[in-house]
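Note sheet for the following structure.
Numbers here simply count residues along the sequence, with the first being 1. Just so we're clear, the structure is a prediction, and the values are computed from it rather than from any experiment.
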Amino acid sequence: MLRTRFTDLVGCSLPLQLAAMPGVGTPELVAAVADAGGLAMIGLPLVPTALVAETLDELARRSRGAIGMNFLMPFFDREVLDVAATRARVIEFFYGDPDRELVRDARAGGALVSWQVGSPEEARAAVDAGCDLVVAQGDEAGGHVRGDLGLLLTLARVLDAVDVPVIAAGGIGDARQVAAALAAGASAVRVGTRFIAASESGAHPEYVRAVLAASAEDSTLTRAFAVGWDAPHRVLRSCIDAAQAFPADLVGEVNWGGTTIPVARFSVFSPDVDTSGEIAAMALYAGRSVDAVREVKPARDIVAELIGGAEALLRAAASTIGAR
């Protein structure tokens with residue numbers, strides 16, 4: 001198996017992190033990736049504290065694997081952090097300036113702390129704030145995007161800037177991309193879009209079908225879905241066109257944290273299985289790696305394909321170089 005600084009630090013067997021994808025990342029998906037040997041992240045923004053605690057306790061019963069929780073800083077709730085830090089293996093922050101006090105509080109609860117960054121300057125700030133590891137995100141990533149450069153350049157700059165394990169994120173959806181990131185110096189890879197089509201995914205069936213039919217060229221970086229959070233994000237171009245053509249201000253409803261919430265046109269909400277309305281006109285987040293998503297399969301099989309394939313490719317490459 002591929003042992004790295006990441007696997008040694010986090011205590012999992014594979015150098016793979018499931019990206020936090022609210023709505024898509026069900027407890028079933030998170031537990032499946034953790035059981036397969038990866039670090040599985042869950043994201044629960046705007047969810048009441050008691051329900052967060054209940055969900056993390058359920059995950060602890062479901063899996064003995066490594067499970068972490070992601071915090072989107074525009075929706076940060078300190079009370080939730082206090083609950084999560086005592087239950088999650090890793091606490092991860094995203095989209096805000098690294099904060100020494102938050103890192104200290106998360107570590108005080110017993111968790112390792114990560115910050116997802118888009119530049120070497122932000123990576124250094126995260127390490128200076130006390131983070132144990134960082135995620136270097138390239139602009140190929142689906143969902144909200146922090147940096148404005150491609151993954152390999154971002155990764156190289158972050159690796160030169162810090163001396164903690166670095167996870168590569170953005171556009172990674174097949175074994176060749178996993179191998180490339182690890183060969184470039186990443187200690188692990190972060191994968192999101194590929195798991196939208198996992199059997200355990202919570203994505204709405206129409207969302208899954210759109211991802212299966214899409215190519216890398218269909219993934220576009222935009223600020224279109226800015227209601228609730230105005231920041232750059234990557235979605236399928238088709239959902240922008242559908243939202244622009246939709247005649248009403250509300251496109252549907254989503255059940256989130258036990259509450260039914262109306263979904264405004266160009267809202268930040270992405271459709272899960274409990275969403276109703278004009279699904280095609282909602283935020284269908286997808287990275288450039290959508291090119292590799294061609295069928296629905298169990299999460300464990302996706303993990304095995306990505307890591308097993310990457311290990312074989314790296315072994316073959318080492319053999320070829322050694323023979324020269």
Side-chain angles (χ1 to χ4, degrees), residues 1-2 4 6-7 10-44 55-56 58-70 88-90 92 135 141-143 167-179 181-182 186 188-214 270-274 284-312:
M1 303 301 290
L2 292 171
T4 69
F6 168 85
T7 59
V10 176
C12 54
S13 60
L14 302 178
L16 180 142
Q17 180 190 45
L18 170 68
M21 297 178 286
V24 173
T26 61
E28 292 78 12
L29 177 57
V30 171
V33 172
D35 285 342
L39 168 62
M41 306 300 295
I42 192 164
L44 299 167
T55 302
L56 292 174
E58 177 192 352
L59 283 168
R61 291 190 294 270
R62 282 177 176 268
S63 174
R64 294 184 178 180
I67 292 169
M69 183 160 172
N70 170 275
R89 187 84 56 89
V90 174
E92 176 183 87
V135 180
I167 304 168
I172 298 175
D174 64 24
R176 290 191 183 281
Q177 291 157 345
V178 174
L182 295 176
V189 295
R190 179 183 177 93
V191 181
T193 299
R194 183 70 189 274
F195 287 101
I196 293 172
S199 303
E200 303 89 346
S201 165
H204 192 281
E206 288 187 41
Y207 184 5
V208 175
R209 286 193 289 272
V211 166
L212 292 173
S270 185
D272 64 13
V273 292
D274 295 321
L284 305 183
Y285 299 114
R288 291 286 194 190
S289 60
V290 71
D291 219 52
V293 187
R294 288 294 170 258
E295 61 179 315
V296 175
K297 60 175 62 177
R300 66 176 182 274
D301 292 348
I302 297 173
V303 172
E305 178 185 321
L306 292 172
I307 300 300
E311 188 173 20

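- Summarising the geometry of A168 relative to A181, their closest heavy-atom pair is CB-CB, 3.8 Å, with the distance given to 0.1 Å.
- Using a distance-only test at 3.5 Å, with no hydrogens or angles considered, a donor-acceptor pair links the side chain of T26 to the main chain of E200.
- Between S270 atom OG and H204 atom NE2 the span is 11.0 Å, to the nearest 0.5 Å.
- The environment of R176 atom CZ is sparse: at most 12 non-hydrogen atoms of other residues, nucleotides or ligands sit within 6.0 angstrom.
- Between R62 and P27 the shortest side-chain heavy-atom distance falls below 4.5 Å.
- Tested against I172 for a side-chain contact (heavy atoms from CB on, under 4.5 Å), the candidates L16, T193, V189 yield a single pass: V189.
- Annotation: side chain of V135 is in contact with side chain of Q17 (closest heavy-atom distance under 4.5 Å).
- The main-chain N or O of G173 is found under 3.5 Å from a side-chain atom of R194 such that the two form a donor-acceptor pair.
- Note: I196 CD1 to S201 OG = 7.0 Å, rounded to the nearest 0.5 Å.
- By the 4.5 Å heavy-atom criterion applied to side chains, V303 and F195 are counted as neighbours.
- Using a 4.5 Å cut-off on side-chain heavy atoms (C-beta onward), L284 and V211 make no contact.
- Taking every heavy atom of both residues into account, K297 and I302 meet most closely at CG-CG1, 3.4 Å.
- In plain terms, the two heavy atoms of F6 and P15 that are nearest each other are CD2-CA, 3.8 Å.
- In this structure the side chain of L212 reaches within 4.5 angstrom of the side chain of V293, judged on heavy atoms.
- From C12, atom SG reaches atom CD1 of I67 across 11.5 Å, with rounding to the nearest 0.5 Å.
- Of all the heavy atoms in A88 and G68, the pair that sits closest is CB-CA, 4.1 Å.
- For the atom pair CD (E92) and CE (M69), the distance works out to 11.0 Å, reported to the nearest 0.5 Å.
- For the atom pair R61 CZ and L56 CG, the distance stands at 10.5 Å (nearest 0.5 Å).
- In terms of heavy atoms, L29 sits closest to G25 at CD2-CA, 4.0 Å.
- For R89 (side chain) and L39 (main-chain N/O), no donor-acceptor pair under 3.5 Å exists by modelled atom type.
- Taking 4.5 Å as the limit, every side-chain heavy atom of Y285 sits out of range of all side-chain heavy atoms of M21.
- With hydrogens and angles disregarded, a donor-acceptor distance shorter than 3.5 Å links the side chain of Q177 to the backbone of D174.
- Between the CG atom of L182 and the CD1 atom of I307 there is a distance of 6.5 Å, given to the nearest 0.5 Å.
- Residues V273 and A203 approach most closely at CG1-O, 3.5 Å, considering heavy atoms.
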